[in-house]
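Scope of the values below: all heavy atoms of this structure, side chains included, with no hydrogens, waters or symmetry mates. FYI, the numbering just counts along the sequence from 1. Whatever order the structure lists ligands and atoms in, that order sets their numbers, starting from 1.
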Amino acid sequence: MPTNLPVVAKKKWYEASLARTPQEKLQKLQEFSSLIPKHKGTEKLRAQVRRQISVLNKEIEEKRRRRAGRGGPRFFFEKEGAAQVIMLGPTKVGRSSLLTSVTNAKTEVSDYPFTTREPVPGMLRFEDLQFQLVEAPALVEGAAGSGSGGLQTLGLARNADGIILMVDLSEDAPQQLAIILEELEKARILIHKPRARVEIERKHVGAGLRIIVFGRLFDCNLRDVENLLKGYRILDATVRITGEATIDDVEDAIFESTIYRPAIVIANKADSPQAGTMLQRLNQFLGGLLPIIPVSCQTRMGLERLGAEIFRALDIIRTYTKEPGDRQPSINPFILKHGSTVADLAKQIHSDFIKRFAYARVWAKRLAFSPRRVGPSFVLEDKDVVELHTK
Ligand SMILES: Nc1nc2c(ncn2[C@@H]2O[C@H](COP(=O)(O)OP(=O)(O)OP(=O)(O)O)[C@@H](O)[C@H]2O)c(=O)[nH]1
Ligand SMILES: [Mg+2]
């Protein structure tokens, strides 16, 4: 359903999107919120803005507290390593046990519920990569609707690159998973690739509007999309539409409200007596929607698979760059999305690099001959070695 926002509200949203500090953003969002008309079509948007305001309030409060040297819980983390993965689950499923089993982090494991009150990070090694795992405080039913910690916990999931949904095979695991999935849905975090995807990449002033449709527009045409974007003063951007998109999907992307985060399910306590039947029920419940990894933190069964499963779910690849003339490639890989090209790699190294790009040489097992001379559109795969040549 369209939001049909008045022009003043769209202008305010634009101002909010330009805000440079959390304080400024908060103020603009509050003004924006008061300009949204109250009808069915704006219901989801109003809930989202309320959520954003609440999370910003917490962020500002936390920064103030830290500046005053008063410590207290920490909810905003710098990402470290190749990706940040947040562990969500109800209390006592063994999140702290997992964190202490597979990372260097120290956190309290206990038989009492709600032991972990604030997020705890730790680094997990996988081959030559490190993933930052973050234990979130326990997720309770109704988290997405509450004004308190639940929203912050879900905010962590929004900011992360991936999510571990953790359940306990000695309890009603499908029921536990149902609660997590429901809260994620309410917080508009998708854990499977959506039917349509709209990405808006803002460009510098004067770049103009480019709309690229890989799939199909469902209930609108290109002109409608263009007008919608212009209404929000998005004049310089590249917009990529994949799948079957509706005009609502485009508006959703403007508000960055629905997001997709890859996820896996960790079913802990596989050592417990009823674990086998519970795992079967869990499989039935999920119907292949997400990978399920049964583990036991107690016996360490299954833990060795964790890094590889996270890597696969994140859908990323590593590429190693090599300077012309050097014998060995770099030790630290560049992390790219699966399907990235040589041009994407060049852009990641330096935004200007692509302009000077001449050609690349790629070493890869799948090629009949290595190195092969390739152009910018060559699609890279995991562990490719790339030598970039400039003009
Ligand atoms: N049998 C069995 N018990 C486990 C396993 N992993 C953890 N536990 C126990 O489950 C209880 C809760 O573990 P925690 O790691 O503290 O759970 P949590 O999810 O961090 O819980 P809170 O932070 O309190 O919400 C502890 O008594 C652990 O010893 C396992 O693989 N098997
Ligand atoms: Mg804990």
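Judged by distance alone, the side chain of Thr103 and the main-chain N or O of Thr100 form no donor-acceptor pair under 3.5 Å. Panel note: side chain Arg95, backbone Ala136; a donor-acceptor pair is recorded below 3.5 Å. In terms of modelled atom types and a separation under 3.5 Å, the side chain of Thr258 and the main chain of Arg188 share no donor-acceptor contact. Checking side-chain atoms of Thr91 against main-chain N and O of Pro113 turns up no donor-acceptor pair under 3.5 Å. Using a distance-only test at 3.5 Å, with no hydrogens or angles considered, no donor-acceptor pair links the side chain of Arg261 to the main chain of Asn159. In this structure, Asn268 contributes its side chain and Val167 its backbone to no donor-acceptor pair below 3.5 Å. Without hydrogens or angle criteria, Asn227 side chain to Asp224 main chain gives no donor-acceptor distance under 3.5 Å.
The single protein non-hydrogen atom nearest to atom 24 (O) of ligand 1 is Thr115 N, 2.7 Å, given as residue, atom name and distance. Scanning the protein heavy atoms around atom 32 (N) of ligand 1, the nearest turns out to be Asp271 OD1, 2.7 Å. Summary of contacts: the protein heavy atom closest to atom 28 (C) of ligand 1 is Val109 CG1, 3.8 Å. The nearest heavy-atom contact from the protein to atom 15 (O) of ligand 1 is Ser97 OG, 2.6 Å. The shortest contact between atom 18 (P) of ligand 1 and any protein heavy atom is with Arg95 N, 3.5 Å. Among protein heavy atoms, atom 25 (O) of ligand 1 sits closest to Thr91 OG1, 2.7 Å. In terms of protein heavy atoms, atom 23 (O) of ligand 1 is closest to Thr116 OG1, 2.8 Å. Closest to atom 6 (N) of ligand 1 among all protein heavy atoms lies Asn268 ND2, 3.1 Å.
A side-chain donor from one of Asp168 and Ser170 sits under 3.5 Å from a side-chain acceptor of the other.
Within ligand 1, the atoms closer than 4.0 Å to a non-hydrogen atom of Tyr112 are 24 (O), numbered from 1 in the order shown. Near Asp111, with a cut-off below 4.0 Å to any heavy atom, the atoms of ligand 1 are 27 (O). Proximity to Gly94 (heavy-atom distance under 4.0 Å) selects the following atoms of ligand 1: 13 (O), 14 (P), 15 (O), 17 (O), 18 (P), 19 (O). Those atoms of ligand 1 that come under 4.0 Å of a heavy atom in Ser296, given as number and element, are 31 (O). Close approach to Ser96 involves these atoms of ligand 1, each under 4.0 Å from a residue heavy atom: 15 (O), 18 (P), 20 (O).
If you look at Ala138 next to ligand 1, the close heavy atoms, those under 4.0 Å, all belong to the side chain. Of the heavy atoms in Ser110, only backbone atoms (N, CA, C, O) come closer than 4.0 Å to ligand 1. In Glu135, the part holding a heavy atom less than 4.0 Å from any atom of ligand 1 is the side chain.
Aromatic ring orientation, Phe255 versus Trp13: perpendicular (interplanar angle above 60°, classes split at 30° and 60°).
We find that Lys193 and Asp315 are joined by a salt bridge, their nearest charged nitrogen and carboxylate oxygen being less than 4.0 Å apart. Salt-bridge formation is not detected for the pair Lys44/Asp252: no Lys NZ or Arg NE/NH1/NH2 atom is positioned less than 4.0 Å from an Asp or Glu carboxylate oxygen.
The distance from the Mg ion (ligand 2) to the nearest N/O/S atom of Thr91 is not under 2.8 Å. Among the backbone and side-chain atoms of Glu108, none of the N, O or S atoms lies under 2.8 Å from the Mg ion (ligand 2). Among the atoms of Thr116, an N, O or S atom falls under 2.8 Å from the Mg ion (ligand 2).
The closest heavy-atom contact to atom 9 (C) of ligand 1, among the options Lys269, Gln298, Met301, Lys92, comes from Lys269.
Within Glu135, the N, O or S atom lying nearest to the Mg ion (ligand 2) carries the name OE2.
Across Arg361, Arg366, Lys322, a single residue satisfies salt bridge (charged side-chain N to carboxylate O under 4.0 Å, His left out) together with Asp384, and that is Arg366.
Under the 6.0 Å distance and 45° angle rule, Arg197 does not count as a cation-pi partner of Phe214.
Between Cys297 and ligand 1, a contact under 3.5 Å exists for at least one N or O pair. Inclusion of Val93 in the set of residues having an N or O under 3.5 Å from an N or O of ligand 1 is warranted. Residue-to-ligand polar distances place Phe114 within reach of ligand 1: an N/O pair is separated by less than 3.5 Å.
Annotation: Gln23, atom CD; neighbour count of heavy atoms from other residues, nucleotides and ligands within 6.0 Å is above 12.
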